[in-house]
Amino acid sequence: MAGIVVIGAGQAGSSLVAKLRGLGYADELTLIGDEIAPPYQRPPLSKKYLLGEMTLDRLFLRSEAYYAEQNITLKLGTPVSRIDPATKTVWLGDQAIPYTQLALTTGADLRHLPAAIGGALEGVYGVRKLSDIDAMAPEFAPGKRLLVVGGGYIGLEAAAVAAQKGLQVTVIEAAPRILGRVAAPETADYMRALHTSHGVTIREGLGLTRLTGDTRVNGADLADGSHIDIDFAIVGIGITPGAALAEAAGLTIDNGIRTDEHGRTSDPSIWSAGDCASFVYRGTRIRLESVQNAIDQAEAVAANMLGAEKAYVPSPWFWSDQYDVKLQIAGLNTGYDRIVTREVGAARSHWYYRGDTFLAVDAMNDPRGYMVGKRLLEAGKTPDPAALADPATELKTLLA
């Protein structure tokens with residue numbers, strides 16, 4: 001008997017099937033994942049799990065027993081080979097699974113260094129899956145030399161863990177500065193100083209020519225002609241939406257799997273949510289690579305699959321833990337032209353404006369600033385910049 005099939009057993013997929021059951025959907029429900037582990041949290045992989053502060057069982061979003069109790073068929077370690085929209089069939093090799101509706105929560109894939117410049121050498125790792133972290137964990141021994149390629153949040157989080165474990169860490173970023181695509185220079189300056197204070201060497205505006213070694217990496221040739229000796233490397237140069245299955249099935253691709261405001265793709269029987277899905281937000285088609293979006297969008301899609309027909313409007317927020325600093329971000333800073341800095345004791349925050357409109361906030365060890373900023377954004381309010389910059393201003397008064 002055909003029912004709903006969900007491809008992609010990550011945060012979005014797990015949230016979607018749970019929401020379907022919570023909303024009363026009682027027919028066949030199948031969740032398919034290409035990893036052997038049941039759905040788990042990804043953010044702690046490069047933080048607490050890599051540090052050894054979180055055990056494997058605490059990573060899992062739900063116990064495997066939950067899926068059985070909810071009559072959800074969980075197929076793990078079984079990558080989908082193709083989708084046939086004409087017959088409404090998902091193929092796992094020779095196994096055919098029919099569907100009435102299909103949801104694609106296929107996440108995103110790592111960008112890898114080309115093998116021609118050493119990307120396939122032993123000792124070169126990415127940070128995306130549980131298996132990635134388990135493979136690299138034995139490398140984290142005091143005194144080892146680590147090269148991190150890429151100065152985004154993932155690269156910096158891995159660098160922070162390595163530094164805390166006593167490794168010698170170098171981060172290279174080909175762009176003029178770290179966090180160039182995602183944060184203001186003020187936030188980058190703060191994070192650079194934080195890493196430098198922990199002994200990390202950060203070299204910006206410097207690309208990688210190649211990783212060296214016969215079968216295992218042992219060094220790196222850099223774009224300025226220099227060479228450094230290393231014991232292993234972590235590559236954090238971004239991700240690409242997991243849209244290959246959708247594209248092969250003939251769905252419209254536009255910065256990921258193109259969806260409408262309800263999460264429906266170009267095929268009315270196929271939906272999408274999470275890192276792989278693009279949608280229109282404030283007049284621009286975007287993808288949101290965050291846990292909260294994966295949960296919220298998946299739950300919205302689940303409701304719409306059952307007929308809710310309610311537009312999904314996100315409230316973007318993100319976070320990053322590095323050393324003893326929690327960076328919390330609310331909103332999207334795209335198009336900002338001014339930064340207002342607020343500093344009260346150890347709490348610091350950077351507030352993004354475009355003209356007279358408040359767009360986003362980066363809050364470093366400033367949970368109050370983050371929460372007030374998030375509430376202002378949700379209310380569509382713009383705080384007075386002068387009041388915001390004044391440390392004597394009580395933030396809660398800005399909500400009035």
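For reference, positions follow the sequence shown, starting with 1. Note that the structure is predicted; figures quoted are calculated from it, not measured.
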Next item on the list: List, by chain and then residue number, the residues other than Ile239 in its hydrophobic cluster (Ile/Leu/Val/Met/Phe/Trp/Tyr, side-chain heavy atoms under 4.5 Å); write none if there are no others.
Entry: Leu110
Item checked: Where at least one partner belongs to residues 100-121, residue pairs that pass side chain to side chain donor-acceptor pair (under 3.5 Å), sequence neighbours excluded -> Gln101-Trp271
Distance-only criterion, 3.5 Å: show the donor-acceptor pairs between side-chain atoms of residues 200-209 and protein atoms not counting sequence neighbours.
residue: Arg203; atom: NH2; partner: Asp224; partner atom: OD2; Å: 3.0
residue: Glu204; atom: OE1; partner: Arg192; partner atom: NE; Å: 2.9
residue: Glu204; atom: OE2; partner: Ile178; partner atom: N; Å: 2.9
residue: Glu204; atom: OE2; partner: Arg192; partner atom: NE; Å: 3.2
residue: Glu204; atom: OE2; partner: Arg192; partner atom: NH2; Å: 2.9
residue: Thr209; atom: OG1; partner: Leu222; partner atom: O; Å: 3.3

Checklist line | Centroid separation Tyr281 to Tyr312 less than 6.0 Å | finding: no
Check: Can you check whether Ile117 reaches Asp221 side chain to side chain, under 4.5 Å on heavy atoms?
Finding: no
Item checked: Close side-chain approach of Asp229 and Arg145, heavy atoms under 4.5 Å -> yes
What pairs of donor and acceptor atoms, side-chain ones from residues 390-400 against any protein atom, are under 3.5 angstrom apart with sequence neighbours left out?
residue: Asp390; atom: OD1; partner: Ala392; partner atom: N; Å: 2.9
residue: Thr393; atom: OG1; partner: Ala387; partner atom: O; Å: 2.6
residue: Thr393; atom: OG1; partner: Asp390; partner atom: O; Å: 3.4
residue: Thr397; atom: OG1; partner: Glu394; partner atom: O; Å: 2.6

Next item on the list: Check for a donor-acceptor pair, side chain of Asn304 on one end and backbone N or O of Glu309 on the other, with a separation under 3.5 Å.
Entry: yes
Margin query: Using a 3.5 Å distance criterion without hydrogens, assess whether the side chain of Thr259 forms a donor-acceptor pair with backbone atoms of Ser272.
Written below: no
Next item on the list: Assess whether side-chain contact (heavy atoms from CB on, under 4.5 Å) is satisfied between Met54 and Leu59, documenting all intermediate values.
Entry: CA-CA 7 Å; Met54 178 179 279; Leu59 278 181; 3.5 Å; yes
Margin query: For residues 352-396, which residue pairs pass the ring-ring contact (aromatic ring centres under 6.0 Å, His included) check, not counting sequence neighbours?
Written below: Tyr336-Tyr352, Trp351-Phe358, Tyr353-Phe358
Checklist line | ring-ring contact (aromatic ring centres under 6.0 Å, His included) contacts touching residues 58-79 (sequence neighbours left out) | finding: none
Checklist line | Check: Ser320/Gln322 side-chain N/O donor and acceptor closer than 3.5 Å | finding: yes
Notebook entry, point to check: Between Val124 and Gly118, what is the shortest heavy-atom contact and its length?
Noted result: CG2-O, 3.8 Å
